[in-house]
Asks: 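Please read through the structure below; I'll follow up with questions.
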Amino acid sequence: ILLGQAVAVLGAQPPIMPLPSAYTVNEGTLSLDHSFKFTSKKDYGSVINKAMDRYATLINVPSESTGSLKSCKISVAKSGDVEIVNSNESYELNVGADGSCAISSQTVWGALRGMESFTHFLVRNSAANSVDTVNSEISIKDAPRFGHRGMLIDTARHYLTTDTIRKVIDAMPVSKFNVLHWHSVDAESFPVETPSEPTMTKSAFAPSMIYTPQEIQSIVEYAHDRGVEVIFEVDVPGHAAGWALGKPEIMADCMQKYTNINNYALDVSMEETYVTLGNILRDIVTSSGAKGSSRLHIGGDEVVYGCWSNDADIVAFMAKQGYTSYAQLFNYFIGRADNIVAGLNKTAIHWEEVFTSGCSVSHDNIFQVWTDSSIVSQITAADYKVIASPSNYWYLNIASNTWQVAYSYNPTANLTSTAQRNNVVGGEVALWGEFVDDQNIISMLYPRASAAAERLWSPESVTDQTAAQARLITQRCRLLNRGFSSAPVLPAGYCDTVPV
């Protein structure tokens, strides 16, 4: 068994990305029969049943094709529906030279990862009008390095249609992402319908550019069926200009002071602010339904204290509370907001500024690092969990973050203790929406997101960029053939095979 290494018999390596934890392959090919289908040892529920149908449709063996590979049997040890993030996503895939095929896993999510991996070994043979494996024998034992492997999309700067969001979700399993971080509102707009606070969508770009509770639930369930957990973010108390039309009375009095709308903040001295925030978060949890995440992201980044210092009522509130710094006021807000999240039986996620500002929060909370990868060390040393999204590696709206840059980042780099390393729960690529809309989001995400996905899934030792480049070229062709408009990997080249 080779651990995260190229397979010599191929002259290169298996065409699977992310690279599995352990694998062996033999030379030769097998053809799939036109009757090919996935079967299951028993009925494991709708997630598996839908996935078997979805992948069989994707493979789409021509009706006249004959071959020895007629089916692939799925077996799941624990068939109950468990939360996606931090579940056991391990699987084993075995394909024999005699046409036998089996995928076994501990959970339904592992089975989905196994089915995806199986398709990575398939190519369309136009000359023979068949679908063939690229190896005659395949044995994989695989599990992810991190439980949280995410992608941030931003629907506040440019509205994304629900069809586009589904398209983003459809592409995620190809690289084994399992979290869609939905940065839903920001300074530019508030496109989320919240029945308890119906005026908030006054800040939507247009009445047609609003996500209804029904649409939110539909997207969450769509993602869940594909092994993707949707985590909502409502960024507070800064970046709050999008709240101004819907609830002007809870805005801090600084809107005449600043021309940059990202500087506007909520008035954290008012009780109505917390009532409003509680209503909005409760509505989002309700809209997400039974398949919603156990986590809620409530932001906390880039709060401009000058906005609060400009408001006489806030200054008076601080004096009454005995606060001598705006960091103390920020800590007060975070404590109130965290209590709202806890009251909804959710775990709060914050951007790193909540930590670096000295806020006192529960160790159940999770921090997301974005400014610099070195902050990961500080937060994990304080025994907090971390999601790594350093802007100098994994912000995909930054053109200089090439796939090579994304691939070079190791979330646990320079963490010397086991405790610190264990506190890194995973990472996310982030695609902020200033210059992203329905037309270009997929090509802005890929192929760079796939490079980061391999660092989140594959063993830490998998770092060879030359080897990764070959896999990434195949992955890009795979995405294209599945209808996803991935950008090129290299300045020149073309797809010389047709991966399924």
Side-chain angles (χ1 to χ4, degrees), residues 1-7 10 12-26 29-30 32 36-40 47-48 51-52 54-59 69 71-76 84 87-96 100-124 131-146 149 170-178 226-228 449-451 453-459 462 467-468 470-472 474-479 481-482 497 499-500:
I1 291 179
L2 302 173
L3 298 176
Q5 301 173 5
V7 179
L10 284 176
Q13 57 198 327
I16 181 172
M17 194 170 199
L19 197 68
S21 305
Y23 57 85
T24 59
V25 295
N26 288 340
T29 64
L30 296 170
L32 275 64
F36 177 85
K37 62 181 178 179
F38 290 97
T39 62
S40 59
V47 168
I48 291 292
M52 290 193 300
R54 194 166 58 247
Y55 278 106
T57 300
L58 169 68
I59 294 168
L69 192 47
S71 67
C72 193
K73 180 176 284 188
I74 310 295
S75 60
V76 179
I84 297 167
S87 69
N88 187 335
E89 296 176 272
S90 66
Y91 68 91
E92 293 186 19
L93 166 64
N94 290 284
V95 179
S100 60
C101 178
I103 296 169
S104 60
S105 65
Q106 292 298 305
T107 68
V108 296
W109 310 124
L112 263 62
R113 310 309 172 213
M115 281 187 269
E116 180 62 45
S117 290
F118 173 75
T119 67
H120 285 215
F121 286 88
L122 304 180
V123 294
R124 302 194 188 280
V131 174
D132 303 331
T133 64
V134 296
N135 301 100
S136 62
E137 291 183 287
I138 301 162
S139 179
I140 291 175
K141 292 184 178 181
D142 199 12
R145 181 183 174 199
F146 294 107
R149 306 178 305 281
D170 284 337
M172 292 176 70
V174 185
S175 301
K176 296 188 173 69
F177 283 108
N178 68 348
R226 287 151 181 79
V228 174
S450 293
E454 180 155 286
R455 298 311 309 272
L456 289 168
W457 179 280
S458 299
V462 179
R471 288 194 300 280
L472 192 59
T474 301
Q475 183 81 328
R476 190 254 175 167
C477 295
R478 182 176 292 118
L479 287 163
N481 291 326
R482 296 189 188 188
T497 61
V500 165

Asks: Check each of Asn26, Leu93, Thr24, Val95 against Ser139 using the side-chain contact (heavy atoms from CB on, under 4.5 Å) test, and report the only one that passes.
Replies: Thr24
Asks: Quick one: list whatever passes side chain to side chain contact (heavy atoms under 4.5 Å, CB included) with Gln106, sequence neighbours left out.
Replies: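 In terms of side chain to side chain contact (heavy atoms under 4.5 Å, CB included), with neighbours along the sequence ignored, Gln106 is linked to Ala77, Lys78, Asn88, Ser90.
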Asks: Restricting to side chain to side chain donor-acceptor pair (under 3.5 Å), what partner residues turn up for Arg455, sequence neighbours left out?
Replies: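 So Arg455 forms no side chain to side chain donor-acceptor pair (under 3.5 Å) with any residue.
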Asks: For Ser175, give me all partners under side chain to side chain contact (heavy atoms under 4.5 Å, CB included), at least two apart in sequence or on another chain.
Replies: Phe177, Tyr446, Ser450, Ala453, Gln475
Asks: Does Glu92 pair with Lys73 as a salt bridge, N-O distance under 4.0 Å?
Replies: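 Not counted as a salt bridge, because no side-chain N and carboxylate O are separated by less than 4.0 Å.
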Asks: Any heavy-atom pair between the side chains of Val123 and Val500 that's under 4.5 Å?
Replies: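 A side-chain contact under 4.5 Å is absent here.
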Asks: Of all the heavy-atom pairs spanning Val462 and Arg471, show the shortest one and how long it is.
Replies: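 Nearest heavy atoms, Val462 then Arg471: CG1-NH2, 3.8 Å.
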Asks: Please enumerate all residues that pass ring pair (Phe, Tyr, Trp, His ring centres under 6.0 Å) together with Phe121, with sequence neighbours excluded.
Replies: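 Not a single residue meets the ring pair (Phe, Tyr, Trp, His ring centres under 6.0 Å) criterion with Phe121.
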Asks: Measure across Ile84 and Gly227 and return the closest heavy-atom pair with its distance rounded to 0.1 Å.
Replies: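 For Ile84 versus Gly227, the nearest heavy atoms are CG2-O, 3.5 Å.
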Asks: With a 4.0 Å cut-off, would you call Glu454 and Lys176 a salt bridge?
Replies: no
Asks: Compare every heavy atom of Pro144 with every heavy atom of Arg149, then report the nearest pair and how far apart it is.
Replies: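 That would be NH1-CB, 3.5 Å.
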Asks: What distance separates Cys72 SG from Phe118 CZ, expressed to the nearest 0.5 Å?
Replies: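 Going from the SG atom of Cys72 to the CZ atom of Phe118 covers 5.0 Å.
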Asks: Can you give me the closest heavy-atom contact between Ala111 and Ile48, atom names plus distance?
Replies: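 Minimum heavy-atom contact is CB-CD1, 3.5 Å.
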Asks: Quick one, Arg478 and His120 - any side-chain contact, counting heavy atoms below 4.5 Å?
Replies: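 In short, these two side chains touch, coming nearer than 4.5 Å.
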Asks: Roughly how far apart are Phe38 CZ and Ile59 CD1, rounded to 0.5 Å?
Replies: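 Those atoms lie 4.0 Å apart.
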Asks: Output the distance between atom CD1 (Ile74) and atom OG (Ser104), rounded to the nearest 0.5 Å.
Replies: 9.0 Å
Asks: Show, in sequence, the C-alpha distance, side-chain angles and deciding distance for Leu456 and Arg145, and conclude whether the side chain to side chain contact (heavy atoms under 4.5 Å, CB included) test is met.
Replies: CA-CA 6 Å; Leu456 289 168; Arg145 181 183 174 199; over 6 Å; no
Asks: State which residues pass ring pair (Phe, Tyr, Trp, His ring centres under 6.0 Å) with Phe146; sequence neighbours excluded, sorted by chain then number.
Replies: none
Asks: Under the side chain to side chain donor-acceptor pair (under 3.5 Å) test, which residues partner Ser87, sequence neighbours left out?
Replies: none
Asks: If I compare all heavy atoms of Ala143 with all of Ser21, which pair ends up nearest, and what's the gap?
Replies: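 Smallest heavy-atom distance, with atoms named: O-OG, 3.1 Å.
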Asks: Using the test salt bridge (charged side-chain N to carboxylate O under 4.0 Å, His left out), find all partners of Arg113 that sit at least two apart in sequence or belong to another chain.
Replies: Glu89
Asks: What's the shortest heavy-atom distance between Val174 and Asp170, and which atoms?
Replies: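 Answer, listing the atom of Val174 first, then Asp170: CG2-O, 4.2 Å.
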Asks: Taking side chain as C-beta onward, heavy atoms only, is Met17 less than 4.5 Å from Thr474?
Replies: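 Heavy-atom side-chain distance check fails, nothing below 4.5 Å.
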Asks: Roughly how far, to the nearest 0.5 Å, is CG of Asp132 from CG of Leu69?
Replies: 10.0 Å
Asks: Could you list the residues that satisfy side chain to side chain contact (heavy atoms under 4.5 Å, CB included) with Ser100, not counting sequence neighbours?
Replies: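 Partners of Ser100 under the side chain to side chain contact (heavy atoms under 4.5 Å, CB included) test: Asp98.
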Asks: Let me confirm one number: the CE-CE distance from Met52 to Met115, rounded to the nearest 0.5 Å.
Replies: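 If I round to the nearest 0.5 Å, the distance is 7.0 Å.
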Asks: For the atom pair NZ (Lys37) and CG (Leu32), what is the distance rounded to the nearest 0.5 Å?
Replies: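 Separation between the atoms: 14.0 Å.
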Asks: Any donor-acceptor pair under 3.5 Å linking the side chain of Thr29 with the backbone of Thr133?
Replies: no
Asks: Using side chain to side chain donor-acceptor pair (under 3.5 Å) as the criterion, list what pairs up with Asn481, not counting sequence neighbours.
Replies: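 Partners of Asn481 by the side chain to side chain donor-acceptor pair (under 3.5 Å) criterion come out as none, since no residue qualifies.
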Asks: Holding to side chain to side chain contact (heavy atoms under 4.5 Å, CB included), I want the full list of residues that pass it with Thr497, two or more places apart in sequence or in another chain.
Replies: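 Side chain to side chain contact (heavy atoms under 4.5 Å, CB included) list for Thr497, sorted by chain: Pro499.
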Asks: Trp457: what forms a side chain to side chain donor-acceptor pair (under 3.5 Å) with it, not counting sequence neighbours?
Replies: Asp142
Asks: Quick one: does Asn94's side chain get under 4.5 Å of Ile103's, heavy atoms only?
Replies: no
Asks: Restricting to ring pair (Phe, Tyr, Trp, His ring centres under 6.0 Å), what partner residues turn up for Tyr91, sequence neighbours left out?
Replies: none
